[in-house]
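The structure under discussion is supplied below as structure tokens; questions concerning it will follow.
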Amino acid sequence: MSAVAAPAPARAAAGKPLPPVSYKAPIAYGAVAAVALLLFGILPASGRETAFTMFAPGENIQFSVPSKLTAIVLCLIALGLAAWSFQAARTRRKVGVWLPAVYAVVLVFALLTWAVAGKAQPLPLTSLLQGSLFLAVPLVFGALAGLVSERSGIINIAIEGQLLAGAFLAAVVATITSSAYVGLIAAPIAGALVSALLVVFAIKYVVDQIIVGVVLNVLVVGITSYLFSTVLRENSATLNAPERLPTLPIPLLSDIPVIGPVLFRQTILVYLMYVVVIVLQVLVFKSRWGLRMRAVGEHPKAADTVGIKVNRTRVWNTLLGGAIAGLGGAFFTVANGLAFGKEMTGGKGFIALAAMILGRWSPKGALAAALLFGFADNLQVVLGIIGTPIPSQIMLMTPYIVTIFAVAGLVGRVRAPAAEGVAYVK
Amino acid sequence: GSAPEESDDTAGGGEAGSDFKACMVSDSGGFEDKSFNQSGAEGLDRAAEELGIEEVKVESTAETDFTPNIDSLVQQDCNLIIGVGFLLEDPIQAAAEANPDVEFALIDSAFTDENFEPVTLDNAKPLLFNTQEAAYLAGYVAAGTSTTGTVATFGGIQLPSVSIFMDGFVDGVAKYNEDNGADVQVLGWDKEAQTGSFTGDFENQTNGQNLATGFIDQGADVIMPVAGPVGLGAAAAAQEAGDVSIVGVDADWFETSPDYSSIILTSVMKEIGQAVYDTVKEASAGSFSSEPYVGTLENEGIGIAPFHDFDSVVTDEVKTAVEDLKAQIVSGDLVVESISQN
Amino acid sequence: MSQATPAPEQPPAGSTAPARRDDGLESRAQGALREMLTSSWLVTVAALVLALVISGVLIAAADSAVQDAAGYFFARPADFFSAAWNAVWGAYVALFQGAVFDPGAATFARAIRPLTETMTWSVPLILAGLGLGIGFRAGMFNIGAQGQIILGAIFAGYIGFAWDLPPVLHLLLAVIGGVIGGGLWAGIAGYLKARTGANEVIVTIMLNNIAIYLVGYLLTTSAFKRGDSNNPVSPPVAGNALYPQLLGSQFRLHLGFVVAILAAVFVWWLMNRSTLGFAFRAVGSNPNAARTAGINVNRMYLLVMLVAGGLAGMAGTAQVLGTEKVLTAGIAASFGFDAITVALLGRSKPLGTFFAGLLFGALRAGGFAMQSRTGTPIDIVLVVQSLVVLFIAAPPLVRAVFRLPSPRGPGAQPAELAAPVVKEAAA
Amino acid sequence: MKLELRGITKRFGALVANDHIDLVVEPGEIHALLGENGAGKSTLMNVLYGFYDPDDGEILVDDRPVEFAGPGDAMAAGIGMVHQHFMLVPVFTVAENVVLGYEPVKGGGLIDLAEARRRVKEISDRFGFDVDPDAMVEDLPVGAQQRVEIIKALSRDARVLILDEPTAVLTPQETDELIAIMRQLKAAGTSIVFITHKLREVRAVADRITVIRRGKVVGSAWPDAAETELASLMVGRSVSLGVDRAPAQAGEVALRVRDLSVLDEAGVRQVDDVSFDVARGEIVAVAGVQGNGQTELTEVILGLQQPVAGSVVLDGTELVGRTVKQVLDAGVGFVPEDRTEDGVVADFSVAENLILDLYDRAPFARGISLDPKRVQENAERRTVEFDVRTPSVDAHAGTLSGGNQQKVVLAREMSRPLRLFIASQPTRGLDVGSIEFVHKRIVQERDSGTPVIIVSTELDEVLALADRIVVMYRGRIVGVVPGGTDRDVLGLMMAGVPQAEAVQQAATHHTVLGEADIEASEEESK
Ligand SMILES: Nc1ncnc2c1ncn2[C@@H]1O[C@H](COP(=O)(O)OP(=O)(O)OP(=O)(O)O)[C@@H](O)[C@H]1O
Ligand SMILES: Nc1ncnc2c1ncn2[C@@H]1O[C@H](COP(=O)(O)OP(=O)(O)OP(=O)(O)O)[C@@H](O)[C@H]1O
Ligand SMILES: [Mg+2]
Ligand SMILES: [Mg+2]
């Protein structure tokens with residue numbers, strides 16, 4: 001179903017399926033786990049404890065584990081997983097995604113156990129997850145925006161601009177109407193307007209889509225900063241003081257230990273994000289709209305020959321994408337009750353673009369990639385809070401380095417929609 | 001609306017006060033940074049209004065803009081050019097040397113020669129602030145007010161003008177602990193190692209919000225963000241959390257951020273505006289001196305803001321202790337140090 | 001500009017040119033006029049005008065005098081228009097005077113200084129734009145010039161202030177260092193693309209962010225700090241390592257401008273006259289055919305990034321050894337991002353990139369005067385820049401607005417519009 | 001359903017692709033459309049299918065004029081089309097492709113995949129297609145893709161079916177099946193427009209023939225017209241359909257392929273233990289339906305892929321493990337099967353394309369610098385020598401017609417001394433005239449003593465060129481037979497039937513085309 005599905009059985013059955021034995025992955029797993037065992041387990045002094053906390057309804061659960069022993073056990077589990085994957089490779093069996101996932105979780109915990117060992121502050125697990133989700137929100141919206149338009153064949157480099165425009169309009173409208181919700185409704189309009197420019201130039205005037213996208217980012221930064229310096233500066237109370245969206249805990253669900261408060265004590269924007277991810281995941285791959293959108297992005301001429309209006313489909317999807325990004329832009333202002341500030345999206349649109357590619361143009365992939373980035377970013381924050389001897393600038397690099405490792409090590413070659421970036425002119 | 005009388009048009013604008021022109025170059029934060037650029041700009045605005053002089057303000061978007069901005073102000077025949085921020089040190093110094101008939105002022109940095117030894121120029125005045133002294137008091141108050149025994153501070157980017165606040169804050173908390181046998185923790189800054197929490201920029205407020213939430217989750221109930229607009233993110237997080245208060249920086253946040261006035265414990269004020277105003281006033285009166293101005297608790301160039309809504313929360317012991325410490329600092333009995341001090 | 005378009009009217013090989021209906025001088029003059037009206041430089045100028053007009057609306061809208069006059073628009077519309085005109089005209093005159101020539105200046109040197117400033121600003125834009133252009137033509141969507149400039153500046157700056165070498169040699173080594181720094185940084189993306197297929201868009205975005213923190217970190221270390229000052233500014237670059245100033249100390253214009261010109265010539269040679277450039281272009285246009293013809297496509301990805309990064313690194317040297325003379329965290333300003341637009345506007349060709357760089361340099365240089373003289377926020381420059389590029393990329397729109405005739409008469413094929421510079425971004 | 005086109009004119013810029021074309025297709029008729037490349041056949045059909053707007057003329061369905069705003073309208077009017085270049089989305093399943101554009105939906109806009117599968121199954125069963133509705137199209141062999149296209153058209157109840165060169169990718173047996181289906185459809189009252197270059201097929205199945213040349217109808221004919229007659233009507237001059245060539249003067253063995261095996265990314269064995277030899281002065285044709293390992297075989301020899309086992313020795317030198325560059329330098333000339341994908345760089349000039357694999361050596365390069373004058377000279381010479389029709393050597397290769405692009409590739413690959421020449425599908429999509437030229441050059445190369453490997457899915461081509469034929473099926477060599485082997489035997493072998501068995505079967509069951517062959521030769525001998 002997903003675009004990167006395994007090859008169909010037709011041919012595999014025909015030939016003799018004898019996958020080449022590749023030990024690259026197992027060796028990498030093993031090497032990293034061994035280094036981790038040395039660094040986190042064997043070398044550090046013994047006798048220290050690592051404390052963790054997590055929220056449960058009404059209380060804070062705190063527990064401690066012996067650092068050295070725990071780290072050693074975790075690293076050994078990772079080594080075991082490496083051995084498992086080695087065995088799987090030897091017998092030519094495919095391992096599921098669970099293996100790298102569990103492996104990564106285990107090693108991250110080993111790292112945390114080591115990093116927090118002996119610290120006065122416990123490691124707040126709930127808070128770690130909460131912040132990861134928080135930082136991932138705009139990335140998820142941005143990545144989904146890119147996905148919707150790129151799946152239909154229009155490259156959307158303008159995500160950053162769409163986020164920024166959404167943030168701007170949401171703040172201004174929310175302030176004027178004194179309603180965060182009205183601001184939230186305005187945000188997608190701003191994003192869609194940016195998309196409208198994108199489609200006018202990319203489809204009507206057949207300008208290279210990347211050029212348009214790059215330039216639109218500059219344009220939106222220019223316009224919003226200009227208006228901020230001129231109009232908003234003088235009237236910040238009347239134009240740029242948005243209300244905050246209220247937090248709406250979902251009864252029962254929000255009381256689940258650890259993940260309840262993380263997932264279900266959120267604003268409507270985050271719930272919308274869940275909805276959008278799930279709905280898109282279903283619709284992109286299972287609905288008429290999704291099928292047509294993907295057809296137009298993969299092989300527009302084929303779509304045309306079955307009566308699908310290629311450019312119309314592209315226009316609507318790109319506008320929809322812009323609207324989704326615009327909605328994500330509301331995160332920066334009304335969702336958190338913050339006033340608009342110059343360039344306040346701080347390059348998140350580009351990270352979202354990376355998340356979309358890393359997630360292979362699928363909604364759940366985009367979600368996973370955004371969460372990975374959010375987690376890496378927040379891990380850096382949380383470790384900073386607990387106290388680390390590493391300079392802040394180096395800590396701040398973490399999420400970017402993690403992303404490079406993810407794209408180089410785990411993902412490798414990804415396949416973009418085939419007709420992406422190519423104007424459809426009959 | 002109705003049209004103004006025709007004759008009004010010509011008379012509008014330029015008050016025929018003085019033809020003194022005072023100009024200002026921001027650093028890359030711009031004049032709405034809720035921080036020193038903004039304070040500086042406000043000082044200049046006040047001078048323009050009250051002294052009837054002409055003002056020109058130009059923003060820089062990056063370090064590369066300083067020299068051209070200063071140059072265009074020189075071309076505009078500015079009499080006094082003020083650079084906001086230590087990053088303008090070299091450009092202001094070069095301009096001062098090249099334009100002996102123009103007066104300059106530089107906020108947050110003194111001038112140095114090629115061996116990095118201090119020098120004085122005839123036509124350039126450094127405006128310096130012993131910010132750590134005020135931050136020290138704020139740290140003391142924060143520690144004395146915290147009910148959880150944990151307070152926090154963080155910065156935008158690790159720069160001396162940022163970490164000087166954090167140094168003073170940490171020392172103030174330590175002083176409180178020492179005086180009261182308490183064990184209030186400071187998260188976010190290790191003065192010894194000079195490492196701590198930073199959001200990475202001065203733009204993305206949500207990063208400040210997230211970081212502050214992290215502090216709050218670790219039990220912090222007083223936070224001092226030294227990150228310009230990103231600090232507002234922290235204020236939003238504090239407001240959301242409930243019983244968490246914020247120590248503002250640069251200006252009195254109770255006044256400048258009315259949305260968050262109810263959670264502002266106090267602010268570490270750096271009276272850049274006043275210093276700018278005074279400098280303009282002197283210069284326009286023809287009594288410019290290149291003598292460095294150093295804002296201290298003594299001359300009230302720095303200080304902590306009133307407690308406003310927290311006046312009843314801050315105990316009398318703390319208030320007395322703060323007055324006492326202030327007196328000691330003014331008298332020189334107590335020296336608050338920061339390696340970021342100019 | 002649209003030389004990618006085939007010329008269908010061209011006679012088949014062997015046949016002689018068809019006899020032209022030549023109805024005398026009159027029609028020839030008409031032809032010349034038509035030629036002029038349809039030439040791409042006219043479209044460029046028209047696009048610039050259109051961009052200035054639209055930005056003018058923004059300038060006027062944000063001007064307080066205009067807002068006041070708008071309040072009583074129906075009472076006295078003339079006020080409104082004159083206020084708007086004053087605001088817009090004032091801003092643009094200042095822009096011009098800040099970018100080209102300032103007639104009101106006291107001395108001649110001061111009067112032409114703006115032009116030299118434009119040239120100074122254009123240096124990093126041209127150099128980084130040339131690098132990006134090579135990447136685009138070779139099918140690499142490198143958006144990492146920002147990081148590459150920073151790395152170039154770090155290397156060049158360090159050699160410049162920390163080493164003590166004789167003249168010429170010092171400059172030369174510092175420049176080479178900068179080229180290596182930029183090349184290595186870009187090379188990471190090229191290497192990962194070649195080895196693992198990692199998408200260069202992602203990797204270069206990430207490397208930009210890492211570079212920003214890296215320079216921030218280095219400036220806190222004792223190797224890069226000034227004595228015991230904590231300010232994140234490096235010691236000044238030694239005189240021997242500085243690009244000589246071209247017009248004396250009154251002007252900031254330095255040898256970097258000549259380097260940029262030479263680099264443009266070099267890039268032209270590389271892409272059009274060298275075997276390596278041939279391979280770059282082949283890989284960019286059709287990697288499959290290139291591979292089949294024995295070109296090592298993966299190696300080309302790496303080499304392209306090394307060259308592109310080297311040029312961006314050279315842009316970093318222009319900053320640190322020429323214009324700024326010290327290393328700071330903001331040394332690259334936003335040149336790396338602007339250079340993307342410069343390269344795209346210049347259609348990734350050296351000459352085009354050179355002029356696009358000059359145009360953007362002029363807008364930047366003029367922006368300062370505009371801000372200081374008329375108080376127009378400098379952000380408007382971004383609006384002008386982006387609109388210019390959009391309109392230049394869409395000639396039919398500009399023609400429609402100005403009612404210019406289209407180059408191939410009515411019913412021109414849309415192929416003329418599409419001259420995509422970058423074919424694949426994320427393949 | 002009766003279909004009529006009146007005065008259809010379609011221009012692309014200055015090019016008149018269709019010039020006042022009239023065409024009538026009677027109900028239940030199989031109407032063949034003949035014409036050389038670029039004659040305007042596909043364009044005409046695309047106009048009929050609503051894909052292009054005609055500049056002039058009208059379309060009548062059952063004598064009523066209709067206006068098609070897009071393919072959707074044409075489909076609604078009962079017109080179905082199987083396009084020359086398959087209009088299938090490679091990453092979709094068969095079922096998804098079939099229902100695309102008129103999807104059955106359940107609630108919430110979700111596609112009813114069960115219903116989609118049912119539709120595919122129903123038609124598959126009716127015509128005896130063996131197509132898995134859940135197979136990914138990109139994994140299907142072309143023959144199966146073709147059937148998907150037909151299912152797609154039929155599932156929309158097409159009453160006029162346009163088949164644009166449907167047989168180009170089929171084995172004779174598959175073609176036979178297709179012909180049977182066409183007859184079945186015809187019997188059910190469906191009209192069919194059938195486009196092909198293969199005169200044999202036309203004569204076998206068509207009720208009527210219309211010939212188009214340069215956008216104009218130049219005549220119509222009945223299926224009993226002689227092939228040479230049809231050919232000259234198409235081209236506008238007389239052409240010879242065979243290749244004149246002397247018997248091979250095979251020398252010693254130059255290329256030895258031994259036990260070669262290749263796996264694809266998914267681990268499927270694409271080339272399975274293949275061994276064969278090629279001697280100097282000999283043309284060995286590798287015959288087989290597309291996707292049976294021929295591509296991989298040639299790519300391994302060139303060094304584009306690495307085998308998991310086996311060796312390729314050319315004149316005593318091992319080629320396996322070498323880079324493409326080293327292999328080319330060893331004297332291998334290579335014409336890839338997909339010229340637009342792998343052969344030419346569309347936005348390079350003709351001159352640049354002519355040095356694509358020679359650019360870094362003398363005389364075109366001096367050190368690291370190109371010598372534009374030599375490049376230009378070379379181009380002038382080669383274009384004349386290979387009769388490349390181009391406005392100038394500076395024209396972009398992408399603007400050349402397919403045949404001329406192919407000549408550019410040939411000119412490049414044959415312009416240096418060769419020790420092995422490999423050409424895949426050397427005449428795919430070319431018209432009769434160009435084919436003649438290309439074949440002549442290949443035979444010339446053989447005659448100069450070069451060992452030649454031709455990979456072709458066209459039996460006509462294999463038969464015209466080969467001195468020996470290697471038949472491949474699913475990565476294995478089914479058999480090696482002499483040139484001139486019976487077409488039906490080859491066809492069966494291409495379907496995996498071992499040689500001995502194939503000979504037996506062919507003797508009893510002739511394909512329609514095979515029979516036509518025999519008839520034709522009988523006629524000629526009369
Ligand atoms: N979209 C197009 N734009 C411009 N020219 C086109 C286009 N499509 C076809 N042509 C030109 O129109 C002419 C007729 O093309 P068409 O595809 O109809 O030929 P054909 O008879 O189907 O040839 P073939 O046998 O090669 O399929 C050719 O010269 C072709 O180059
Ligand atoms: N995209 C295009 N742009 C401009 N001209 C084109 C284009 N495609 C084809 N042509 C021109 O149209 C003419 C016919 O092209 P087409 O590909 O149909 O040739 P053809 O008749 O099929 O020749 P061949 O048999 O060699 O393939 C050629 O002269 C070619 O130069
Ligand atoms: Mg053709
Ligand atoms: Mg055709």
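It should be emphasised that the depicted structure is a prediction, and the values quoted were computed from it without experimental measurement. Within every chain, numbering begins at 1; the chains are lettered A, B, ... in the order of the sequence lines, protein sequences first and strands thereafter.
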| field | Residue D/Arg322 excluded, over 12 heavy atoms near CZ under 6.0 Å | value | yes
| request: Considering only heavy atoms and a distance below 4.5 Å, find which of C/Asn296, C/Ile295, C/Leu276 pairs most often with chain D. | output: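 Highest number of pairs under 4.5 Å: C/Ile295.
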| message | Strictly distance-based, threshold 3.5 Å: is any side-chain N or O of C/Asn286 a donor or acceptor partner for the main-chain N or O of D/Glu341? | response |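 Indeed, once roles are kept as given, a pair shorter than 3.5 Å links the two residues.
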| chain C contact via D/Leu356 - which portion, at a heavy-atom distance below 4.5 Å | both
| field | Contacting moiety of D/Glu352, where chain C heavy atoms sit under 4.5 Å | value |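 The answer is both parts of D/Glu352.
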| Closest non-hydrogen atom pair, D/Asp357 against C/Ala293 | CB-O, 3.2 Å
| remark: The reported gap from CZ in C/Phe278 to CG in D/Leu358 (rounded to nearest 0.5 angstrom) is 9.0 Å
| Residue, of D/Val409, D/Asp371, D/Val327, D/Val344, that accumulates the most heavy atom pairs under 4.5 Å with chain C |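 Counting heavy-atom pairs under 4.5 Å, the top option is D/Val344.
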| Does a sphere of radius 6.0 Å around OH in C/Tyr191 hold more than 12 heavy atoms from other residues, nucleotides or ligands, not counting ones at 6.0 Å or beyond? |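 Atom OH in C/Tyr191 is not packed in, count stays at 12 or less.
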| Where do C/Ser274 and D/Leu370 come nearest, in terms of heavy atoms and distance? | O-CD1, 3.7 Å
| chain C interface, residue from D/Thr323, D/Ile355, D/Asp338 that has the most non-hydrogen pairs under 4.5 Å | D/Ile355
| query | Hey, which of C/Ala282, C/Ala289, C/Gly277 has the most heavy atom pairs under 4.5 Å with chain D? | reply | C/Ala289
| Side chain, backbone, both or neither: which part of D/Phe334 has a non-hydrogen atom closer than 4.5 Å to chain C? | side chain
| request: For residues C/Thr275 and D/Ala365, report the shortest heavy-atom separation together with the two atoms involved. | output: CG2-CB, 3.5 Å
| Hey, mind stepping through D/Leu304 and C/Thr292 against side chain to side chain contact (heavy atoms under 4.5 Å, CB included) and telling me if it holds? | CA-CA 7 Å; D/Leu304 276 169; C/Thr292 310; 4.1 Å; yes
| So which of D/Ala395, D/Ala346, D/Pro372, D/Gly303 has the largest heavy-atom pair count under 4.5 angstrom toward chain C? | D/Pro372
| request: Would you mind telling me which of D/Thr340, D/Val324, D/Asp342 has the largest number of heavy-atom pairs within less than 4.5 Å of chain C? | output: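 If we count pairs closer than 4.5 Å to chain C, D/Asp342 comes out on top.
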| request: Step through the shown structure and confirm whether more than 12 heavy atoms of other residues, nucleotides or ligands are within 6.0 Å of CZ on D/Arg214. | output: no
| Between D/Lys325, D/Arg366, D/Glu299, which residue shows the highest count of heavy-atom pairs closer than 4.5 Å to chain C? | D/Lys325
| query | Between D/Ile368, D/Asp329, D/Asp360, D/Thr383, which residue shows the highest count of heavy-atom pairs closer than 4.5 Å to chain C? | reply | D/Ile368
| Heavy-atom neighbours of D/Arg416 CZ exceed 12 at 6.0 Å |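 Enclosed.
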